[in-house]
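Read the numbers this way: they start at 1 and go in the same order the structure lists the ligands and their atoms.
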Amino acid sequence: MSDAWAQLHSHRNEFDDVSLGSLCDAQGRDDQFVHTVDELVVDLSRHLATEKTLDLLLGLAAERNVTGMRDAMFSGEPINTTEHRAVMHVALRNQSDRPMHVDGIDVMPDVRDVLARMKTFCDSIHDGSWQGSTGKKIEHVVNIGIGGSDLGPVMTTEALRPWWVSSVRTHFVSNVDPSHLADTLATLNPETTLFIVASKTFGTQETLANAHAARLWLVEALGENAVASHFVAVSTNAQRVNDFGIGTMFEFWDWVGGRYSMWSAIGLSIAVSIGFERFEQLLGGAHRMDMHFRNSPLEKNVPVLLGLLDCWYRECWNCQTRAVLPYDQHLLRLPAYLQQLEMESNGKHTRLDGSQTTHGTAFVVWGEPGTNGQHSFHQMLHQGTTMVPCDFLVAACSETPSPDNRHEILLANCLAQAEAMARGRTLEQVREELAAANLSPIEVDSLAPHKVMMGNRASTTMLYPRLDPAQLGAIISLYEHRVFVQGAIWGIDSFDQWGVELGKELANNILPGVLGDAPPSGDATSRRLTEHIAAMRAE
Ligand code: G6Q
């Protein structure tokens with residue numbers, strides 16, 4: 001174990017008798033633990049951390065060369081070593097004049113060129129100059145993509161619902177389950193529907209199967225010639241797009257990882273949903289967070305601090321899961337988006353040098369919008385046997401004006417949950433309360449232990465004035481860099497995803513048996529289940 005980790009492990013023992021409530025009340029706590037990036041307030045005061053913890057974590061960051069890794073990313077070095085690729089999603093939202101180089105070439109002219117084409121396309125959908133094959137205006141856009149070609153766009157589009165352009169509705173189809181496409185198309189008219197087939201490789205089984213089914217739906221209604229005006233593609237592979245028969249393609253590049261691609265043309269569905277100007281605001285918010293990550297000293301660098309605290313809990317507190325609790329209905333899909341961002345990026349056991357990690361990596365990330373979770377799983381967050389660090393996200397102002405005080409109720413609940421987790425309620429407090437409520441001493445004795453809340457449960461609160469495109473861009477960029485910092489500390493490649501390959505290969509091997517074109521294949525269990533499937537389908 002390295003020096004920095006050893007010191008952190010030993011420091012962890014100092015928390016055995018520490019009360020998080022007292023830490024929060026300490027004078028000057030906010031100076032060190034509350035940070036502001038533009039208008040985003042990130043309150044870290046409810047973390048099981050002291051000044052010494054931060055010093056030790058910053059020592060760990062120095063030992064792991066986090067700044068060197070960060071600078072290598074911004075310089076376009078091929079830090080995704082297992083795929084020999086640069087990691088340059090930051091170039092996609094670079095709104096400065098600074099060139100961004102990959103392999104010695106400034107990628108910014110190409111980035112700007114595609115953005116300009118996206119703008120023209122969006123404008124033509126919105127002003128009706130892009131027409132379907134029968135001359136009708138496009139009213140529905142269906143993004144067909146999966147994983148990184150779906151989760152960012154669908155999360156963002158939902159989050160920015162108040163900014164939707166009224167003339168067009170966007171839909172997302174990802175699952176190869178035929179119900180997903182069928183349910184989506186059920187109310188749509190082919191004459192006014194346009195499909196965006198979003199696939200970096202244009203080789204993904206689920207996306208191509210759905211795209212072919214959508215094409216059939218269109219052609220059956222409007223004929224083969226309709227494809228040109230009802231299908232566009234977003235990809236890095238022009239040849240495959242051409243082979244599919246799509247003439248209009250928006251390009252991106254192999255230095256954009258799938259789960260980091262919503263800022264590229266993969267975000268076309270977002271731009272169509274909210275208008276190109278607001279898409280640029282989304283990019284602008286992300287860019288400002290990039291600059292904060294690139295230029296701020298580490299002790300004030302919010303993605304760095306969050307990533308380091310994540311490693312602290314994962315390693316020294318043995319936390320396995322982290323909850324993301326947006327007190328913001330429009331962030332409904334944020335937990336799902338972050339599941340991919342964090343778990344696909346850092347759920348790995350092999351280090352960059354090929355050795356096996358001796359540390360736990362990645363949290364299971366999960367969550368639901370507040371206050372729904374309070375009436376469901378918060379019981380465990382408050383009184384379960386393991387600590388689940390939580391991210392609370394909330395806007396001071398709602399985008400949905402209401403004459404009553406529902407947003408204020410939401411805000412108060414958000415603050416209250418984090419406070420309850422941090423401070424809990426002691427046995428003495430409970431006993432006093434029960435006695436004051438006139439329970440008999442016997443009743444007090446029997447009920448009191450059940451009402452004790454241990455407290456000392458860590459959380460981050462992210463508070464922003466309103467969830468507008470720029471603010472959302474900043475929040476997502478913050479999470480991306482937080483994940484980067486975790487990966488740098490753990491010494492893993494956060495930008496590959498080799499773990500998803502085996503399942504794809506096995507599915508290809510098993511499919512002919514399921515289709516009935518070949519005897520069942522796979523292992524004994526898969527073959528037996530394939531036989532059951534055949535029997536059930538024959539009935
Ligand atoms: C993301 C992953 C993965 C990918 C999908 C879709 O980082 O690589 O989720 O986005 O498998 O891939 P395509 O965009 O190539 O269809």
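With sequence neighbours left out, the side chain to side chain contact (heavy atoms under 4.5 Å, CB included) criterion links Asp254 to Arg85. Qualifying side chain to side chain contact (heavy atoms under 4.5 Å, CB included) partners for Arg527, counting only residues two or more places apart in sequence or in other chains: Pro520, Ala524. Scored by the side chain to side chain contact (heavy atoms under 4.5 Å, CB included) test, Ser521 finds Asn509 as partners (sequence neighbours excluded).
Classified by interplanar angle (parallel below 30°, tilted 30° to 60°, perpendicular above 60°), the ring pair Trp255/Trp253 is parallel. The aromatic rings of Phe74 and Phe293 sit tilted relative to each other, their planes meeting at an angle between 30° and 60°. The aromatic rings of Phe495 and Phe484 are tilted relative to each other, their planes meeting at an angle between 30° and 60°.
Protein residues with a heavy atom under 4.0 Å from ligand 1 are Ile146, Gly147, Gly148, Ser149, Ser199, Lys200, Thr201, Thr204, Gly258, Arg259, Gln340, Glu344, Gln497.
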